[in-house]
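Written below as structure tokens is the structure these notes are about.
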Amino acid sequence: MVETEAYLGPEDPASHASTRSGITNRNRMMFEAPGVAYVYRIYGVHWCLNVITGAEGEGQGVLIRGVEPTVGVESMARRRHGRRPLAAGPGRAAQALGVDGSLNGHHLSHTPLELLTGWTIADADVAITGRVGVAKAAEWPLRFFVRGSTGVSKASPHPGQRDALPPSP
DNA sequence: ACTCCGATTGTT
DNA sequence: ACAATCGGAGTA
């Protein structure tokens with residue numbers, strides 16, 4: 001998992017948990033407990049996988065934007081119908097991992113999808129930029145990716161951005 | 001009920 | 001540059 005984007009709770013204008021709508025049928029899994037998957041359909045075409053990270057009710061989650069294939073490459077290629085890149089980008093990553101709407105709301109410890117942790121990545125190898133494809137608060141430095149990884153979706157939209165922080169809640 | 005549009009991708 | 005594709009969310 002080499003590229004992610006954080007979406008904060010109701011105070012984040014770009015988040016589906018934004019206070020504008022409150023809790024709806026679409027975004028309600030954002031407010032679930034940490035480790036729950038929030039999967040939603042974008043542009044009527046692709047699935048996007050988020051992992052809830054905030055405490056229950058907080059509405060914080062992390063969008064999985066890019067995966068660098070290491071094991072199971074054959075399966076990923078099959079699910080992607082041989083298209084490249086295999087898993088760089090949220091839609092591609094979800095498809096490569098076999099994620100669809102049926103996973104929405106399931107805790108990741110209770111699904112075929114297993115989240116492995118334990119890798120250490122040096123801070124110097126992690127780039128932090130603004131978020132991709134959002135209309136509001138795009139400049140908030142909440143996109144994280146491993147420099148040079150083939151699993152990263154695209155070049156940084158806001159090069160060099162590393163300092164600014166989102167407003168404290 | 002009706003319109004608008006999106007945390008994207010693939011093709012022209 | 002643009003189509004694909006559809007349900008959520010906002011407006012009435």
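Chain A is the first sequence line, chain B the second, and so forth, proteins listed ahead of strands; every chain is numbered from 1. What you are looking at is a predicted structure, and each value in this text was computed from that prediction instead of being measured. These values consider heavy atoms only, across backbone and side chains, with no hydrogens, waters or symmetry-generated copies.
Between A:P90 and A:A135, the residue whose closest nucleotide on DNA chain B is further toward the 5' end is A:A135.
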Kindly give the atom pairs (protein nitrogen or oxygen, nucleotide nitrogen or oxygen) under 3.5 Å for nucleotides 10-12 of chain C.
| unit_1 | atom_1 | unit_2 | atom_2 | d |
| --- | --- | --- | --- | --- |
| C:dG10 | OP1 | A:S21 | OG | 2.8 |

So which protein N/O to nucleotides 2-5 of chain B N/O distances come out below 3.5 Å?
none

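Evaluation of the side chain to side chain donor-acceptor pair (under 3.5 Å) rule for A:T53 yields no partner, not counting sequence neighbours. Residues passing the side-chain contact (heavy atoms from CB on, under 4.5 Å) test with A:V51 are A:I64, A:L108, A:L115, sequence neighbours excluded.
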| message | Pairs counted only when both distances fall under 3.5 Å, Watson-Crick or G-U: show me the 5' to 3' dot-bracket for DNA chain B, [ ] for pseudoknotted crossings and | for other-strand partners. | response | ||||||.||||.

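Here ring pair (Phe, Tyr, Trp, His ring centres under 6.0 Å) pairs that include residues 84-109 of chain A, with residues two or more places apart or in two chains, are A:H107-A:H110. Applying the ring pair (Phe, Tyr, Trp, His ring centres under 6.0 Å) test to residues at least two apart or on different chains, the pairs with a partner in residues 12-32 of chain A are A:H16-A:Y38, A:H16-A:Y40.
Of the side-chain N and O atoms in A:R26, none sit less than 4.0 angstrom from OP1 or OP2 of B:dG6.
Side-chain heavy-atom separations under 4.5 angstrom define the hydrophobic clusters, and the remaining members of the one that includes A:W119 are A:L116.
Residues from residues 93-104 of chain A with heavy atoms under 4.0 angstrom of DNA chain B: there are none. Residues of residues 72-88 of chain A having a heavy atom closer than 4.0 Å to DNA chain B, listed by number: A:R80, A:R83. Non-hydrogen atoms lying under 4.0 Å from DNA chain C are contributed by A:R41, A:Y43, A:G44, A:V45, all within residues 32-51 of chain A.
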Got a list of side-chain donor-acceptor pairs under 3.5 Å for residues 82-92 of chain A, not counting sequence neighbours?
| unit_1 | atom_1 | unit_2 | atom_2 | d |
| --- | --- | --- | --- | --- |
| A:R83 | NE | A:R80 | O | 3.4 |
| A:R92 | NH1 | A:A88 | O | 2.9 |

